[in-house]
Number of protein chains: 2
Amino acid sequence: MVGRPRSEESRRAILQAALRLCERDGYPNVTLKAIAAEAGTGRQTLYRWWNTKADVLLEAMTAVVAPGLPPSPPDLGSFLRETFALTDGVAGRVIVGLMAEAQSDPDLGERLRTRLIGPRRAALREVLERDSPSSHANLDLVVDMIFGAMWYRLLNRHASVDAVLAEEITELVRSLT
Amino acid sequence: MVGRPRSEESRRAILQAALRLCERDGYPNVTLKAIAAEAGTGRQTLYRWWNTKADVLLEAMTAVVAPGLPPSPPDLGSFLRETFALTDGVAGRVIVGLMAEAQSDPDLGERLRTRLIGPRRAALREVLERDSPSSHANLDLVVDMIFGAMWYRLLNRHASVDAVLAEEITELVRSLT
DNA sequence: CACTTTACAGGACACCATGTCTCGTTTTAG
DNA sequence: CTAAAACGAGACATGGTGTCCTGTAAAGTG
């Protein structure tokens, strides 16, 4: 291996600049040009390590969201409250933007599923299994309906995703067992 | 009122061309240029009556989806089967594209809610009220979870939206009452 | 029948983000 | 010292957007 090594400083500057711009202008209005300018790097440096702005934000989000998964799952209410709290602020705007962009970029959709959505689904399933082991309900369907309600509200914006929703869902799921 | 009247022929040609291109190239790859070319109209004619391609497709979809609402709601299973069947083919691709684009266009989101999503929500709520009148469950929450699961699957593409899903949801909702 | 008004098809135009390329410079390993 | 790879900076072609202009067509009004 020869040659100049990748600049860790530029990498961090780019990821932070991307998040900062998403917070200020909203995900859809962020451009790769602006990210490079904000981070003080050349545009080629961006294109060398990432392909699209979605790539950059996906990596930035993984760093933000990934540690949010505790090893031993708490009860359903706590899990939902914590997950829903993540959708508040920049993280929510970014992940909604990523999901929207994934509709025109199948590769991004694939990475979104494996890196962000899939792990959360698995975690919720674990919580449900532990919380109601005797239930004969279709767990995958329950997962779809819980996270479905969350995504539906995030995208359609007809209601908020907050602790109230977490509580209502928890009550409804209890009545299933 | 003077002057040449709006050409109904051009209007229909544009809406049909838009749907045809969505079917052939997918919603995200359709451009206003291509719609005008496919319809054989000038681009100014497009911009005179619509602002964006989302506007065109929203009008085209309204014509397709709106008559799908029967006056007297059937049972939950039938309603879900019919609704889910609509998401198959072009209509599904278009409405998913519209929802994705609405994330970067609040005005489009507003029209999407009032013209497509809202009426469907109201219809499902009616079906649920008639189907399980004695239930004390939070009906709006149940609506969110049912259509949430549908949208979640349409957008995240981890499972299909079909008659099987309709059946599973119907069974689960029955166990709530 | 003129005359006015508006829509029409077609095309030219500036604008902006994208993605590729080039330049000269900097930092590593051998 | 030399080769290799990354760096900041910026030029460039491409393609979609939205506006503007041209000449023509279709309606009403006097």
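Below, all heavy atoms of this structure are taken into account, side chains as well, without hydrogens, waters or symmetry copies.
Rounded to a whole Å, the CD atom of B/Glu9 is 11 Å from the P atom of D/dA26. To the nearest angstrom, P of D/dC7 lies 8 Å from CD1 of A/Ile14. If you measure from atom CD of A/Glu101 to atom P of C/dA17, you get 15 Å, rounded to the nearest angstrom. Protein atom CZ of B/Arg4 is 14 Å distant from nucleotide atom P of C/dT6, rounded to whole Å. The CG-P distance, from A/Asp25 to C/dA17, rounds to 11 Å in whole Å. Regarding A/Tyr47, its OH atom lies at a distance of 23 Å from the P atom of D/dA5, rounded to whole Å. Between the P atom of C/dT28 and the CD atom of A/Glu8 lies a distance of 14 Å, rounded to the nearest Å. Atom CZ of A/Arg48 is separated from atom P of D/dA5 by 11 Å (rounded to the nearest Å).
Judged by the 6.0 Å and 45° rule, A/Arg6 forms a cation-pi pair with A/Trp50. For the pair A/Arg11 and A/Trp49, the cation does not sit on the ring face, since its NZ or CZ is not both under 6.0 Å from the ring centre and inside 45° of the axis.
If you find the closest nucleotide of DNA chain C to B/Arg43 and to B/Arg6, the one lying nearer the 5' end belongs to B/Arg6. Between B/Pro5 and A/Lys33, the residue whose closest nucleotide on DNA chain C is further toward the 5' end is B/Pro5.
Side-chain proximity of B/Gln44 to D/dT19, C/dA17, D/dG28: nearest is D/dT19. Residue B/Val2 has its side chain nearest to D/dT29 when only D/dT29, D/dC7, C/dG19 are considered.
Residue-level contact check: A/Asn51 touches the backbone only, with heavy atoms under 4.0 Å from sugar-phosphate atoms and none from bases.
Side-chain N/O atoms of A/Ser10 include one lying less than 4.0 angstrom from OP1 or OP2 on D/dG8. The phosphate of D/dG18 has neither OP1 nor OP2 within less than 4.0 Å of any side-chain N or O from B/Trp50. OP1 or OP2 of D/dG8 sits under 4.0 Å from a side-chain N or O of A/Thr45.
By the 30° and 60° cut-offs, the orientation of the rings of A/Phe147 relative to B/Tyr152 is perpendicular.
Remark: of the listed residues A/Leu21, A/Leu98, A/Val96, A/Leu98 is the sole one forming a side chain to side chain contact (heavy atoms under 4.5 Å, CB included) with A/Tyr27.
Distance alone, capped at 3.5 Å, is enough to place a donor-acceptor pair between the A/Thr114 side chain and the A/Glu110 backbone.
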